[in-house]
Asker: 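Structure below; questions to follow.
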Amino acid sequence: MPHGVAYNHTERFFCFSCAAIQLVWDAGGTFPRGGGVARPLTIAIDGPAASGKSTVGGLLAQRMGYLYFDTGAMYRAVTWEALQRGVDIADEEAVSRLARMLRIDIVKPARSDGRQYTVLADGEDVTWEIRRPEVDRYVSPVSAYAEVRRALTEQQRRIGERGQVVMVGRDIGTVVLPDAELKIYLDASTEVRARRRYLELLERGEESDSEKTLDAMKRRDQIDSHREVAPLKVAEDAVRIDTDNLGVDEVLDVLEKLVEEAPVEGGGGNP
Ligand code: DC
């Protein structure tokens, strides 16, 4: 396979040659502002764990007919595979090598069990495994490694630059797509986010403890916000939304308003 990105128009996914990733692109959304009205081509949504980024990011992308790309799934896939293969998480070089070599595919949901997409690591379905507490525990140190970030950021940027994308993560507005036409920073208090994560784990039948979940959340926040490379922070030109007292529909309403009002160049975001 040639090196670089290939976009498969029939199946609507992207494909890379190595450390590859394929992405779902479900066009034909129902976003109210269609033909003729300019919309932002690239939408970056950043924020801490369990701030609601994935849920509202996925729904917004669906409504707009844009690609939804959850970049955290890539860091999680590398972490899960490192744990599976007995790679020492403290061994930066070994983890970085794995990040460069691992083929990560994010494709249309293979089954309807609540998943937004299917994540494949070297062909194996790891969609739910990457959500396990041990991945939660180790993903922050893994994502702090400069070479891991370099390998994954490169792929994320190439996809983002093609436009019509809602990209979700920690450094999308600051590093991956600094020129994104709309930048959102979703936030919520640590307690509210820990509670959401705790309920999520219970719902999936995972063993969970509210105190431990809160401690783990604090630990991750600390690493994600204080790492040297691409730390979690609010981009200067981002709109910050506090979701403590907002439901999913209310956050979506705010986002749709921001999309409508975002100043965009040209108007190439119209399908
Ligand atoms: O959003 P999430 O919880 O699935 O992200 C998992 C981890 O990946 C998180 O601890 C930080 C890291 N991450 C990152 O560093 N940069 C991104 N763009 C996305 C996620």
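Both counts, for ligands and for their atoms, begin at 1 and track the order of listing.
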Asker: Are the charged groups of R100 and E147 less than 4.0 angstrom apart, N to O?
Answerer: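 A salt bridge is present here (some side-chain N lies under 4.0 Å from a carboxylate O).
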
Asker: Cut-off 3.5 Å, side chains only: do T190 and R195 have a donor facing an acceptor?
Answerer: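 T190 vs R195: no donor-acceptor pair found between side chains.
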
Asker: Name the atoms and distances for all side-chain donor-acceptor pairs under 3.5 Å in residues 83-91, with sequence neighbours left out.
Answerer:
| unit_1 | atom_1 | unit_2 | atom_2 | d |
| --- | --- | --- | --- | --- |
| R85 | NE | E81 | OE1 | 2.9 |
| R85 | NH2 | E81 | OE1 | 3.1 |
| R85 | NH2 | D122 | OD2 | 3.0 |
| D88 | OD1 | A90 | N | 3.0 |
| D91 | OD1 | E93 | N | 3.3 |
| D91 | OD1 | A94 | N | 3.1 |

Asker: S51 and D187: side-chain donor and acceptor closer than 3.5 Å?
Answerer: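 No donor-acceptor contact under 3.5 Å links the two side chains.
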
Asker: Using heavy atoms and a cut-off under 4.0 Å, could you grab the residues that are in contact with ligand 1, chain by chain, numbers ascending?
Answerer: K53, T71, G72, Y75, R76, R131, V139, S140, S143, R149, G169, R170, D171, I172, R220, D224, R227

Asker: With side chains defined as the heavy atoms from C-beta onward, is the minimum distance between I184 and D46 less than 4.5 Å?
Answerer: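 The answer is no; the side chains never approach within 4.5 Å.
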
Asker: Taking NZ, NE, NH1 and NH2 as the nitrogens, is one of them in D171 or K233 under 4.0 Å from a carboxylate oxygen of the other?
Answerer: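 No, D171 and K233 are not salt-bridged.
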
